[in-house]
Enquirer: 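My structure is below; once you've seen it, I'll send some questions.
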Amino acid sequence: MSIEKTEKRKFQLLNFVVLIGLHIVAIWALTTRVILAPASERPSAGVWILAAGMFFITVFGITCYYHRGATHGGYKPSLGVKIAGLIAGGLAFQ
């Protein structure tokens, strides 16, 4: 049995900056638009419901379709389910 050496991955500065930047913008938006904003300017319940719905749709698309269906071939969905899974996963921008 031979032990293979794994290649060291190069640090991707652009990817790092984009990912950190997205999180910084998200934290800024949360603090300025939700936590520190006056009550009259805070998001309504409908916005929170929409955000939660979009979160669950994208999690479903990534987990159920991209990961289990497309990557591992855990099931063979119909064309309609494939299209819905692709759209739901694509909304996650992953």
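Heavy-atom basis, side chains included; hydrogens, waters and symmetry copies ignored.
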Enquirer: Under a single-linkage rule joining Ile, Leu, Val, Met, Phe, Trp and Tyr whose side-chain heavy atoms are separated by less than 4.5 Å, which residues share a cluster with Phe93?
Expert: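 Members besides Phe93: none; it forms no cluster.
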Enquirer: For residues 50-58, please give each side-chain donor-acceptor pair under 3.5 Å, one per line with the distance, not counting sequence neighbours.
Expert:
from: Thr58; atom 1: OG1; to: Met54; atom 2: O; distance (Å): 3.1
from: Thr58; atom 1: OG1; to: Phe55; atom 2: O; distance (Å): 2.9

Enquirer: So which heavy atom on Gly61 is nearest to which on Ala88, and how close?
Expert: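 Looking at all heavy atoms of both residues, the shortest contact is CA-CB, 3.7 Å.
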Enquirer: Just list the side-chain donor-acceptor pairs under 3.5 Å for residues 23-31, sequence neighbours left out, or say none.
Expert:
from: His23; atom 1: ND1; to: Leu19; atom 2: O; distance (Å): 2.7
from: Thr31; atom 1: OG1; to: Ile27; atom 2: O; distance (Å): 3.1
from: Thr31; atom 1: OG1; to: Trp28; atom 2: O; distance (Å): 3.0

Enquirer: Please, which pairs that meet side-chain hydrogen bond (donor to acceptor under 3.5 Å, both in side chains) have at least one residue in residues 60-69, sequence neighbours excluded?
Expert: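 For residues 60-69: His67-His72.
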Enquirer: With Leu13, which residues qualify under side-chain contact (heavy atoms from CB on, under 4.5 Å), at least two apart?
Expert: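 Only Phe11, Val17 meet the side-chain contact (heavy atoms from CB on, under 4.5 Å) criterion with Leu13.
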Enquirer: With rounding to the nearest 0.5 angstrom, report the CG to CD1 distance, Asn15 to Ile20.
Expert: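 Atom-to-atom, Asn15:CG and Ile20:CD1 are 11.5 Å apart.
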Enquirer: Is there a path of hydrophobic side-chain contacts, each under 4.5 Å between heavy atoms of I/L/V/M/F/W/Y residues, joining Leu14 to Leu22?
Expert: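 In one cluster with Leu22: Leu14, yes.
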Enquirer: With a 4.5 Å cut-off on side-chain heavy-atom distances among I, L, V, M, F, W and Y, is there a chain of contacts connecting Ile62 to Leu86?
Expert: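 Result: yes, single cluster for both.
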Enquirer: Quick check: closest heavy atoms across Pro43 and Arg33, and the distance to 0.1 Å?
Expert: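 For Pro43 and Arg33, the tightest heavy-atom pair comes out as CD-O, 3.6 Å.
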Enquirer: Measure the spacing between OG1 of Thr32 and CD of Glu41 and express it to the nearest 0.5 Å.
Expert: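 So the gap between those two atoms works out to 10.5 Å.
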